[in-house]
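What follows is a short report on a single structure.
So that the names make sense, note that chain A is the first sequence line, chain B the second, and so on, each numbered from 1. A quick note: this is a predicted structure, and the numbers were derived from the prediction, not measured.
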4 protein chains.
Amino acid sequence: MKKGEKRKQELLKIAYDMFLTRGYENTSVDEIIEKAQIAKGTYYYHFQSKEQMLEEVIDMMIDSEIETAKQIIGMDISVPQKIVGIIASMKPTEVEQPIKDTLFQPENVLMHHKVRKQLIDVLTPLLSEVIQEGVDEGIFECDNIPERVKMLLIISDGTFNEGTFSERDISVFIDMTEKLLGAENGTMSFIYDLIDKSEMEGAQ
Amino acid sequence: MKKGEKRKQELLKIAYDMFLTRGYENTSVDEIIEKAQIAKGTYYYHFQSKEQMLEEVIDMMIDSEIETAKQIIGMDISVPQKIVGIIASMKPTEVEQPIKDTLFQPENVLMHHKVRKQLIDVLTPLLSEVIQEGVDEGIFECDNIPERVKMLLIISDGTFNEGTFSERDISVFIDMTEKLLGAENGTMSFIYDLIDKSEMEGAQ
Amino acid sequence: MKKGEKRKQELLKIAYDMFLTRGYENTSVDEIIEKAQIAKGTYYYHFQSKEQMLEEVIDMMIDSEIETAKQIIGMDISVPQKIVGIIASMKPTEVEQPIKDTLFQPENVLMHHKVRKQLIDVLTPLLSEVIQEGVDEGIFECDNIPERVKMLLIISDGTFNEGTFSERDISVFIDMTEKLLGAENGTMSFIYDLIDKSEMEGAQ
Amino acid sequence: MKKGEKRKQELLKIAYDMFLTRGYENTSVDEIIEKAQIAKGTYYYHFQSKEQMLEEVIDMMIDSEIETAKQIIGMDISVPQKIVGIIASMKPTEVEQPIKDTLFQPENVLMHHKVRKQLIDVLTPLLSEVIQEGVDEGIFECDNIPERVKMLLIISDGTFNEGTFSERDISVFIDMTEKLLGAENGTMSFIYDLIDKSEMEGAQ
DNA sequence: GATGAATGAGTATTCATTCAT
DNA sequence: GATGAATGAATACTCATTCAT
């Protein structure tokens with residue numbers, strides 16, 4: 001890493017926080033440089049434009065997501081557990097506690113949209129490998145694995161990352177996952193125990 | 001309808017088109033009133049703010065969507081066909097030809113997000129009734145119908161309304177739908193013939 | 001009073017309250033008609049313009065002020081007491097309890113300015129008569145009565161109607177009044193007992 | 001003074017003139033930048049808002065007023081002459097010929113109000129020192145000097161800065177000033193000779 | 001007497017970006 | 001590498017007033 005890169009990384013970190021908490025569109029370049037204590041010129045020395053900075057912030061998020069996924073894959077846990085681990089890691093809030101659910105707030109529609117799209121693209125092959133492992137082990141039985149994985153990711157994002165969900169949502173999700181992957185009934189039911197009850201419908 | 005309401009409806013229609021083609025955020029009030037040939041004051045006489053106008057535009061879309069869904073339900077077609085018809089109607093482009101896919105373009109993330117959310121909420125009970133009908137007829141066999149419906153809507157939106165999709169996506173979707181609803185293999189395979197091939201991967 | 005005059009009087013009353021509490025410039029015609037439950041056209045049927053309405057509101061205030069002053073003059077109290085009574089009545093808050101000091105708030109600079117000017121013009125001759133009465137009785141001894149009265153009104157407005165004042169301000173005011181009118185030391189010292197202590201410096 | 005400060009000072013000077021001649025509220029930001037030949041952004045780079053600019057303009061006026069007062073205090077003239085000099089300097093028009101009485105025109109109520117308030121606060125201690133000097137010299141004899149000073153300022157502003165005044169107003173003002181400060185009859189009568197007759201009642 | 005839809009000039013403010021130093 | 005003064009197009013919204021019905 002070059003010398004000037006260090007400051008750039010700091011800037012990305014600051015912007016990442018601000019975009020997440022206030023939304024990309026509600027965060028002005030002025031606010032970023034004020035928080036970073038740098039001059040306007042310095043900002044534009046490092047980034048061509050605000051939008052390009054957003055891309056870099058997102059890349060940073062995606063990279064860290066891939067990292068996490070790879071770590072999970074390398075763990076000594078069962079295939080179903082790896083799947084659930086990777087899906088759960090899509091939610092940044094699981095990792096970064098102080099920032100709570102903000103990526104999924106209305107002010108963050110644009111950023112969520114971009115992240116979600118790339119995340120699905122990037123996680124699909126990784127998760128596909130895991131599923132294939134499961135197929136090889138005889139736990140799953142299915143074809144068109146990448147397409148099934150994509151669907152899995154779409155559903156989990158749509159179900160758990162927006163608004164609230166109920167116990168029934170979980171049970172249907174488990175049922176669907178098993179059938180989608182051609183697993184035996186009950187294979188994925190351990191999911192239920194992992195869910196953060198505080199986010200469930202009716203919870204305060 | 002009161003007298004003043006007529007002009008308001010015209011305005012909503014114009015804004016609906018503009019929001020859809022250029023995106024909500026990229027459409028300025030100035031552009032709307034210029035197209036509508038009215039004065040600034042007239043605009044603000046009818047709408048408290050641009051955002052409130054967006055809400056009304058969305059309400060209009062939702063209302064028309066409900067109307068369409070109800071018509072489909074009333075038709076003399078099979079239950080699986082009703083389901084597919086309602087799901088397909090979520091895409092406004094099927095109805096309004098001139099506006100092509102724009103609701104799902106990047107500039108329309110915000111609007112798509114809002115519409116999608118409400119659409120799912122509003123279509124879920126309607127579609128649930130249809131599924132129940134199918135259960136009663138013995139075509140389907142499942143519990144937690146509303147949750148399954150919601151998942152169906154999330155998937156179809158995520159799969160077909162964003163970016164491109166392949167034949168494999170369709171076949172997985174059909175498989176998943178059948179299993180999600182507890183239908184016999186092949187029940188939904190007629191879907192494949194309905195898909196607009198021009199939107200498929202590889203197609204221009 | 002004509003029939004239509006009744007509604008006009010109601011409107012003036014409503015506007016008077018609004019102007020006083022929110023300031024003339026911060027009160028829009030829309031807000032007035034909404035509170036009065038009338039149409040725009042009706043408003044402009046009764047008033048040529050918003051500014052002309054302000055004049056009428058001020059006239060209303062001045063008229064009521066004159067009325068009060070005349071009543072005080074007619075009372076069976078001493079000349080010094082009449083003087084103080086009239087001066088005190090300049091503050092609308094003494095009469096209209098719910099509206100507290102608002103005429104002298106920053107948002108009401110314009111209205112205060114206009115009222116103050118007219119009030120001084122209108123009260124000067126009335127108060128001059130009272131002073132003359134005092135001269136005739138031998139309590140006061142001075143020439144140029146109207147000019148002295150005007151000065152008295154300017155001081156009392158500037159001292160008591162804006163911001164806070166202290167006991168020393170009162171004692172200087174009393175001293176000055178006595179000397180300005182050529183009264184014996186102690187003639188006006190009863191004023192001190194009448195002052196609303198709650199408005200004094202240091203008071204909560 | 002930093003480099004960027006120079007342009008800011010120019011802007012303040014321009015705004016000062018415009019606020020004075022046309023009134024604060026009647027001067028738009030557009031007009032200011034057009035006269036200053038700068039871009040909108042430049043204006044908002046230097047000032048947070050139009051209102052904040054007004055505060056800075058007023059501060060500038062107050063500062064120059066204090067400067068003038070201090071110069072007068074340092075002069076080799078009699079105490080009564082110092083007093084009159086300071087009071088007279090409250091009127092900016094005495095100093096800045098091109099701007100004629102505008103601060104006291106109806107369109108300037110707001111600005112006059114703000115200036116007047118601060119001016120009284122700022123001049124009171126300065127003038128009090130002068131009075132104390134006079135007391136020490138045996139010319140005046142009084143207590144509660146700051147309160148008397150404040151009253152003096154209120155009266156002179158109310159009498160000479162608004163509308164017209166007559167010879168009688170002057171003579172009453174002189175009489176009152178002498179008595180307020182406990183001076184011998186005739187001490188302040190030189191004032192009469194200093195008054196600009198062109199502003200007196202009857203004069204055009 | 002009363003209505004309310006229509007007007008349109010006017011206003012302050014935002015903000016990503018540039019560039020000479 | 002870094003600065004910060006300058007840019008100017010863009011934007012949403014206000015509000016007193018008019019007038020046909």
Expressed as a whole number of angstroms, how long is the span from [X]:[atom1] to [N]:[atom2]?
X: Glu34(A); N: dT3(F); atom1: CD; atom2: P; value: 14 Å
X: Ile38(C); N: dT3(E); atom1: CD1; atom2: C1'; value: 10 Å
X: Phe47(C); N: dG1(E); atom1: CZ; atom2: P; value: 13 Å
X: Glu10(A); N: dA2(F); atom1: CD; atom2: P; value: 11 Å
X: Ile33(D); N: dT13(E); atom1: CD1; atom2: P; value: 13 Å
X: Met18(B); N: dT11(F); atom1: CE; atom2: C1'; value: 14 Å
X: Glu5(B); N: dG4(E); atom1: CD; atom2: P; value: 13 Å
X: Leu11(D); N: dA6(F); atom1: CG; atom2: P; value: 9 Å

Of the non-hydrogen atoms in [X] and [Y], which two are nearest, and what is the gap between them?
X: Asn108(C); Y: Phe19(C); value: ND2-O, 3.0 Å
X: Ala36(D); Y: Leu11(D); value: CB-CD2, 3.6 Å
X: Val57(D); Y: Ala15(D); value: CG2-CB, 4.1 Å
X: Thr27(C); Y: Met18(C); value: OG1-O, 3.5 Å

Output every pair passing ring pair (Phe, Tyr, Trp, His ring centres under 6.0 Å) with a member in residues 47-67 of chain B, not counting sequence neighbours, ordered by first then second residue. Tyr43(B)-Phe47(B)

Any pair counted as salt bridge (charged side-chain N to carboxylate O under 4.0 Å, His left out), so long as it reaches residues 49-60 of chain A, sequence neighbours left out: Lys8(A)-Glu56(A), Glu51(A)-Lys114(A), Glu55(A)-Lys114(A)

Determine the Euclidean distance between corresponding P atoms of dG1(E) and dT21(F); express it in Å to zero decimal places.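 dT21(F) and dG1(E) have their P atoms separated by 23 Å.
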
Decide if atom CD of Glu10(B) counts as having more than 12 heavy atoms of other residues, nucleotides or ligands within a radius under 6.0 Å.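 Yes.
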
Please encode protein proximity along nucleotides 14-19 of chain E as a string of B, S and -, counting only heavy-atom distances under 4.0 Å. BBSBBB

Below the 4.0 Å mark, does dG1(F) have OP1 or OP2 next to a side-chain nitrogen or oxygen of His46(A)? no

Given dA6(E), is OP1 or OP2 found less than 4.0 Å from the side-chain N or O atoms of Arg7(B)?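 For dA6(E), OP1/OP2 do have a side-chain N/O of Arg7(B) under 4.0 Å.
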
Just to verify, what does Glu31(A) make a salt bridge (charged side-chain N to carboxylate O under 4.0 Å, His left out) with, not counting sequence neighbours?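 Salt bridge (charged side-chain N to carboxylate O under 4.0 Å, His left out) check on Glu31(A) returns Arg22(A).
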
Non-neighbouring partners of Gln52(D) that pass side chain to side chain donor-acceptor pair (under 3.5 Å), sequence neighbours left out: none

For DNA chain E, produce a single dot-bracket line, 5' to 3'. Pairs: Watson-Crick or G-U wobble, both distances under 3.5 Å. Symbols: ( ) within strand, [ ] crossing, | other strand, . unpaired. .||||||||||||||||||||

